[in-house]
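To start, the structure itself, in structure tokens.
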Amino acid sequence: MQAYVYKSQRKQDSFVYLAVRDDFSVIPDAVKASLAPFQFVLEVALTPDRRLAQADAAQVRQNLIERGFHLQLPPPPLAPVRFARRND
């Protein structure tokens, strides 16, 4: 299965995988409104043994089959670490 990867020009580290090149009609309007415009970055063959850096290839394939797209967003920021203060 071929996938076409586009990065959001509005939100850093956000990517959209499409089953059909340049077919943005499958993306919900709310998602397009927050992430568009998109820039093409990669065409990739999603085989069962393919590994992706930031996404589960099997989940990407499943979303492409069911929805025609897969959305990859950056992980949420970690909560700040708080240390107990000692009273000296």
What closest approach, in Å, do Arg50 and Val44 show between heavy atoms, and which atom pair accounts for it?
NH2-CG2, 3.2 Å

Partners passing side-chain hydrogen bond (donor to acceptor under 3.5 Å, both in side chains) against Arg67 (at least two apart in sequence or in another chain)
Asn63

Under 4.5 Å between side-chain heavy atoms, hopping through other hydrophobics if needed: is there a path connecting Tyr4 to Met1?
no

Kindly write out the residues that satisfy side-chain hydrogen bond (donor to acceptor under 3.5 Å, both in side chains) with Gln54, not counting sequence neighbours, or none if the list is empty.
none

Can you list every pair that meets ring-ring contact (aromatic ring centres under 6.0 Å, His included) and has a residue in residues 27-55, with sequence neighbours left out?
Tyr6-Phe40, Phe24-Phe38

Quick check: do His70 and Val60 have side-chain heavy atoms less than 4.5 Å from each other?
yes

Qualifying side chain to side chain donor-acceptor pair (under 3.5 Å) pairs, either residue in residues 37-46, two or more places apart
Gln2-Glu43, Gln9-Gln39

Partners meeting salt bridge (Lys or Arg N to Asp or Glu O under 4.0 Å) with Asp22 (sequence neighbours left out):
none

Run the side-chain hydrogen bond (donor to acceptor under 3.5 Å, both in side chains) test against Asp49 and tell me which residues pass, sequence neighbours left out.
Thr47

With sequence neighbours excluded, what pairs up with Asp23 under the side-chain hydrogen bond (donor to acceptor under 3.5 Å, both in side chains) test?
Ser25

Any side-chain heavy-atom pair from Leu35 and Ile27 closer than 4.5 angstrom?
no

Please say yes or no: joined through hydrophobic side-chain contacts below 4.5 Å, possibly via intermediate residues, are Leu64 and Leu42 part of one cluster?
yes

Among pairs that include at least one residue of residues 24-36, which meet salt bridge (Lys or Arg N to Asp or Glu O under 4.0 Å), considering only residues two or more places apart or in two chains?
Asp29-Lys32

Please answer whether the main-chain N or O of Ala33 pairs with a side-chain N or O of Arg10 as donor and acceptor at a distance below 3.5 Å.
yes

Taking only distance into account, with no hydrogens and no angle test, what donor-acceptor pairs under 3.5 Å do side-chain atoms of residues 13-20 form with protein atoms, sequence neighbours excluded?
from  : atom 1 : to    : atom 2 : distance (Å)
Tyr17 : OH     : Gln72 : OE1    : 3.0

Should Leu71 and Val41 be regarded as members of a common hydrophobic cluster, given that ILVMFWY residues are connected when their side-chain heavy atoms come within less than 4.5 Å of each other, either directly or indirectly?
no

